[in-house]
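The structure appears right after this line, and notes come after that.
Whatever order the structure lists them in is the order used to number ligands and atoms, beginning at 1. This chain uses plain numbering: 1 for the first residue, then up along the sequence.
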Amino acid sequence: MNSSSVNCDLSAIAAPVDDLLPDLVMLRHDLHAHPELAFEELRTAGIVAKALSLLGLEVHEGVGGTGVVGTLCCGEAQESSALSVGLRADMDALPMVELGQRSYASCSPGKHHGCGHDGHTSMLLGAAQQLVRTHKALGLSGTVHFIFQPAEEGKGGAARMIEDGLFERFPCDRVFALHNWPDLPLGKVQTRPGPIMAAADRFDISVRGKGGHAAQPHHTPDAILAASQLVAQLNTIVARRIDPGESAVLSVTRIEGGRSHNVLPAEVQITGTVRSFDTASQDRIEAALRAAANGVSLASGAEIEVKYLRYYPATVNTAAEAALALDAAHAVGLHAEVAPRAAFTSEDFAFMLQRKPGAYLWLGQGRADPGQDGERALHHPCYDFNDDALPLGVRWFCEVAKRSLAAGVPG
Ligand SMILES: [Zn+2]
Ligand SMILES: [Zn+2]
């Protein structure tokens with residue numbers, strides 16, 4: 001796959017928002033240089049809130065920690081038939097060292113915008129600017145909520161905003177979000193009805209014997225042998241307990257125990273992750289994992305404790321909103337297609353999609369040459385958001401807002 005396979009005129013897409021771009025690029029570079037971790041996005045949230053206020057929007061700060069919501073009322077927004085839409089961007093950076101050599105590289109050691117949330121925040125602010133100046137001419141009627149969430153990277157900022165009354169305070173008939181996607185060329189977008197990103201679970205298992213002399217194994221349950229048997233059984237769960245037509249993965253990623261050649265350790269720790277695309281699969285895998293642990297415990301005499309944590313649910317698009325997202329992309333000149341499959345990475349926009357109809361879009365940004373300073377693989381130490389994607393995201397957000405407010409009540 002390469003950029004030449006995409007038939008869209010990127011300069012034409014940029015044209016209606018051309019004048020916004022120099023400031024958006026400066027903003028994006030400023031956010032990149034000042035990355036902030038989950039729930040610490042005070043500087044970023046301050047910049048966002050100030051920009052939204054200057055646009056004349058009603059602004060609410062501190063939603064779910066450091067979240068910000070700006071509200072734009074268009075036309076007859078107070079009419080009972082008027083619709084509302086939530087457009088969401090994430091603001092947090094990753095706890096990792098940036099290795100790219102660029103003029104706007106991270107000024108905060110150990111923090112890096114390695115997932116492009118600096119780009120997402122900039123695009124959504126650009127969309128707010130564009131909608132403020134065009135909604136009257138477009139004849140829009142309804143409410144647009146610009147939702148800037150904290151802590152997408154593993155800390156569940158979306159869930160915190162929802163617990164803080166996000167959808168009661170800012171009712172949304174539909175919600176949309178995007179993520180830059182280095183595996184797709186610039187100008188191409190994908191999404192799909194149903195699951196688009198996986199549920200992410202974690203398990204931590206303690207296998208306890210008594211410990212003892214390696215030459216006297218009959219005096220203690222062998223925690224290493226029990227752990228080995230359990231790891232082998234865990235690797236059969238997806239193959240034997242999940243419908244072959246469904247997708248899931250279970251990986252054991254850490255096993256730790258013992259320090260000597262002649263001592264049987266008292267305890268072995270096992271850790272791993274489970275990815276799946278629906279709650280039924282999560283339930284089945286967790287139950288099978290616990291049953292396997294009980295079985296090995298009974299057979300070996302080792303005491304086995306299982307902790308099973310469900311981090312993010314699967315990100316599941318509603319069909320009508322996935323179609324709306326693709327139609328909007330097509331309308332602004334992007335090459336839009338249905339994603340052939342979901343990704344096994346996870347995303348906490350999932351919590352918003354559990355409550356509201358909506359869709360999550362992959363916005364192609366292409367990859368630089370591997371190994372170069374411009375590397376664009378997500379979470380890579382040299383990752384950088386592609387500024388050429390800024391106008392594409394701005395226009396997509398605007399078109400999604402326009403279509404959502406005109407689309408009628410979700411079915
Ligand atoms: Zn990420
Ligand atoms: Zn991300």
Would you please classify the geometry between the H113 ring and the H32 ring as parallel, tilted or perpendicular, with 30° and 60° separating the classes?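 Because their plane-to-plane angle lies in the 30° to 60° range, the rings of H32 and H113 count as tilted.
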
Mind telling me whether Y312 and F351 have parallel, tilted or perpendicular rings, with 30° and 60° as the class edges?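 Taking Y312 first and then F351, their aromatic rings stand perpendicular (interplane angle over 60°).
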
Report whether any nitrogen, oxygen or sulfur of H179 sits less than 2.8 Å from the Zn ion (ligand 2) (N, O or S, backbone or side chain).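 Yes, within the cut-off.
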
Evaluate ring pair (Phe, Tyr, Trp, His ring centres under 6.0 Å) for H179 paired with F349, printing each intermediate quantity in order. CA-CA 10 Å; H179 205 291; F349 186 58; over 10 Å; no

Donor-acceptor check, side chain of E76 to backbone of S141, threshold 3.5 angstrom: yes or no?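 No; judged by distance alone, with no hydrogens or angles, the pair does not exist.
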
Between the Zn ion (ligand 1) and H117, is there an N, O or S atom separated by less than 2.8 Å?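 No, outside the cut-off.
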
Which N/O/S atom belongs to E153 and is the closest one to the Zn ion (ligand 1)?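 Result: OE2.
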
